[in-house]
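What follows is a single structure, written as structure tokens, with notes after it.
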Number of protein chains: 2
Amino acid sequence: MVSTPQAAPELSSDSKDRLRLWIRLLRANRLIEAELRERLRTTFDTTLPRFDVLAALYRAPDGMLMSDLSRFLLVSNGNVTGIIDRLAAEGLVLRAQRDGDRRTSIVRLTRAGEEQFRTMAAAHEGWIDALLGGVSGNDARRLATMLKTFRSNWEKQE
Amino acid sequence: MVSTPQAAPELSSDSKDRLRLWIRLLRANRLIEAELRERLRTTFDTTLPRFDVLAALYRAPDGMLMSDLSRFLLVSNGNVTGIIDRLAAEGLVLRAQRDGDRRTSIVRLTRAGEEQFRTMAAAHEGWIDALLGGVSGNDARRLATMLKTFRSNWEKQE
DNA sequence: GCCTAAAATTTTAGGCTTAAAATATTTGAG
DNA sequence: CTCAAATATTTTAAGCCTAAAATTTTAGGC
């Protein structure tokens with residue numbers, strides 16, 4: 001009798017493919033993130049979280065609440081507090097209350113913040129284009145579509 | 001002559017698609033990571049980095065050097081030191097020198113570490129399968145293949 | 001053998017991250 | 001009006017993360 005080569009109950013092929021997909025997604029992400037972090041640091045002496053915050057605020061000229069930022073960036077609210085503290089100390093963002101509600105603070109980019117973000121965003125676009133240069137336009141579109149579908153499904157079942 | 005409709009130099013369509021791809025990759029990653037972190041915490045009172053380290057060591061019964069771990073997990077070596085310190089304090093891993101080279105330390109899972117990892121890995125596989133359930137087997141395979149190609153290209157040009 | 005360079009790891013300082021507790025404010029039920 | 005619940009944010013404690021400096025050990029040139 002031929003012994004079966006595995007004792008554990010085997011995952012379906014699809015399950016294994018999904019696990020493999022997750023691992024590769026994670027690794028691709030880490031490779032790209034590490035490279036971006038390095039370039040942001042050496043070129044602009046800043047960090048990825050700071051860049052993310054500036055990018056979010058740039059798209060919101062009227063400002064955002066701390067909780068909006070937290071939700072949009074998928075990070076905790078306590079986390080946003082620290083990043084905004086540092087950006088404010090550098091004069092790149094501004095906290096304002098003038099809402100009638102003294103609990104909230106509306107955060108906005110300063111002029112300096114806008115300018116610095118524009119400079120960094122231009123470089124960032126170029127970096128991404130070069131780093132993902134190995135991905136054809138067609139593949140990029142297909143992948144992006146699949147990821148969008150994934151996110152829609154995810155949010156539906158939350 | 002037809003006037004060009006935009007003032008700013010426009011990115012090629014492919015460039016924009018690659019930027020969009022990166023943003024979606026990042027968001028998908030964060031959604032999944034946050035969910036896994038939460039489940040590892042509530043179910044096993046542990047963290048993703050700890051899990052990653054155990055997973056790496058599980059595949060290496062003869063142990064790994066600190067620098068192997070650092071390279072494999074794509075994190076800094078100083079970072080690995082702290083995680084291993086904590087895992088060792090909990091009795092899940094063991095540091096050994098017995099190499100002839102007193103600079104290196106070989107890290108191994110203990111029996112308890114192996115058992116705990118097996119338990120968590122089984123749950124982890126199920127979680128991923130459910131979380132990525134919205135991705136068909138075919139899409140998962142296609143995506144995984146593209147990501148593998150991406151990684152190969154990346155490493156070639158490093 | 002000696003001494004400098006290389007290699008492996010740890011330490012340090014600073015920032016990011018989270019969950020949970022604390023603070024401050026607003027809202028709404030009665 | 002009052003006060004408890006809800007909301008928005010900050011603080012806290014602990015862990016993760018990095019780059020750069022420091023430490024320890026090995027290897028190689030001479």
Within the structure shown, what part of the strands sits under 4.0 Å from [X] by heavy-atom distance: base, sugar-phosphate, or nothing?
X	result
B:Ile83	sugar-phosphate
B:Asp101	sugar-phosphate
A:Glu38	sugar-phosphate
B:Leu69	nothing
A:Ser67	sugar-phosphate
B:Arg30	nothing

Can you tell me the distance, in whole Å, between the [atom1] atom of [X] and the [atom2] atom of [N]?
X	N	atom1	atom2	value
A:Asn77	C:dA19	CG	P	10 Å
A:Leu87	C:dG15	CG	P	12 Å
A:Arg50	C:dG15	CZ	P	7 Å
A:Leu73	C:dT18	CG	P	10 Å
A:Ile106	C:dT25	CD1	P	17 Å
B:Arg37	C:dA19	CZ	P	7 Å
A:Glu33	C:dC16	CD	P	13 Å
A:Leu40	C:dC16	CG	P	12 Å

DNA chain C: 5'-proximal contact among A:Thr47 and A:Arg103 (nearest heavy atom): A:Thr47

Quick one: on DNA chain C, does A:Gly82 or B:Ala34 contact a more 5' nucleotide (nearest heavy atom)? A:Gly82

Checking side chain to side chain contact (heavy atoms under 4.5 Å, CB included) against B:Trp22, which of A:Asp129, A:Leu36, A:Leu131 comes through? A:Leu36

Ignoring hydrogens and angles, state whether a donor on the side chain of A:Ser70 or A:Asn77 is under 3.5 Å from an acceptor on the partner side chain. no

Give me each pair satisfying salt bridge (charged side-chain N to carboxylate O under 4.0 Å, His left out) with a member in residues 134-154 of chain B, each pair once, sequence neighbours excluded. A:Asp14-B:Arg141, A:Asp17-B:Arg141, B:Asp139-B:Arg142, B:Arg151-B:Glu155

Summary of salt bridge (charged side-chain N to carboxylate O under 4.0 Å, His left out) pairs that have at least one residue in residues 65-80 of chain B, sequence neighbours excluded: B:Asp68-B:Arg71

Can a cation-pi geometry be assigned to A:Arg108 and A:Tyr58, taking NZ or CZ under 6.0 Å from the six-membered ring centre and within 45° of the ring axis? no

With A:Arg18 as the cation and A:Phe150 as the aromatic partner, state whether NZ or CZ is under 6.0 Å from the six-membered ring centre and within 45° of the axis. no

Drop me the distance from A:Asn79's CG to A:Ile84's CD1, to the nearest 0.5 angstrom. 10.0 Å

Please test B:Glu33 against B:Arg37 for salt bridge (Lys or Arg N to Asp or Glu O under 4.0 Å), starting from the C-alpha separation and ending with a verdict. CA-CA 6 Å; B:Glu33 268 200 24; B:Arg37 217 181 2 250; 3.7 Å; yes

Could you identify which residues of residues 54-65 of chain B place a heavy atom less than 4.0 Å from some atom of DNA chain D, listed by residue number, or say none? none

Bounded by its outermost nucleotides with an atom under 4.0 Å from a heavy atom of chain A, the footprint on DNA chain D reads D:dT7 to D:dA20

Using a strict 4.0 Å threshold on nitrogen-to-oxygen distance, state whether A:Glu90 and A:Arg50 make a salt bridge. yes

Does A:Arg39 come within less than 4.0 Å of A:Glu35, counting only side-chain N to carboxylate O? yes

In dot-bracket notation, what is the pairing pattern of DNA chain D, taking Watson-Crick (N1-N3 plus N6-O4 or O6-N4) and G-U wobble (N1-O2 and O6-N3) contacts under 3.5 Å, with [ ] crossing and | for other strands? ||||||||||||||||||||||||||||||

Determine whether the aromatic ring centres of residues A:Phe44 and A:Phe51 are separated by less than 6.0 angstrom. no

Throw together a table of side-chain donor-acceptor distances under 3.5 angstrom for residues 100-107 of chain B, partners on residues two or more places apart or in other chains.
from, atom 1, to, atom 2, distance (Å)
B:Asp101, OD1, B:Arg103, N, 2.8
B:Asp101, OD1, B:Arg103, NE, 3.1
B:Asp101, OD2, B:Arg103, NE, 3.4
B:Asp101, OD2, B:Arg103, NH2, 2.8
B:Thr104, OG1, B:Asp99, OD2, 3.4
B:Thr104, OG1, B:Asp101, O, 3.2

Walking DNA chain D from its 5' end, the first of B:Gly78 and A:Gly78 to be reached, judged by nearest nucleotide, is A:Gly78

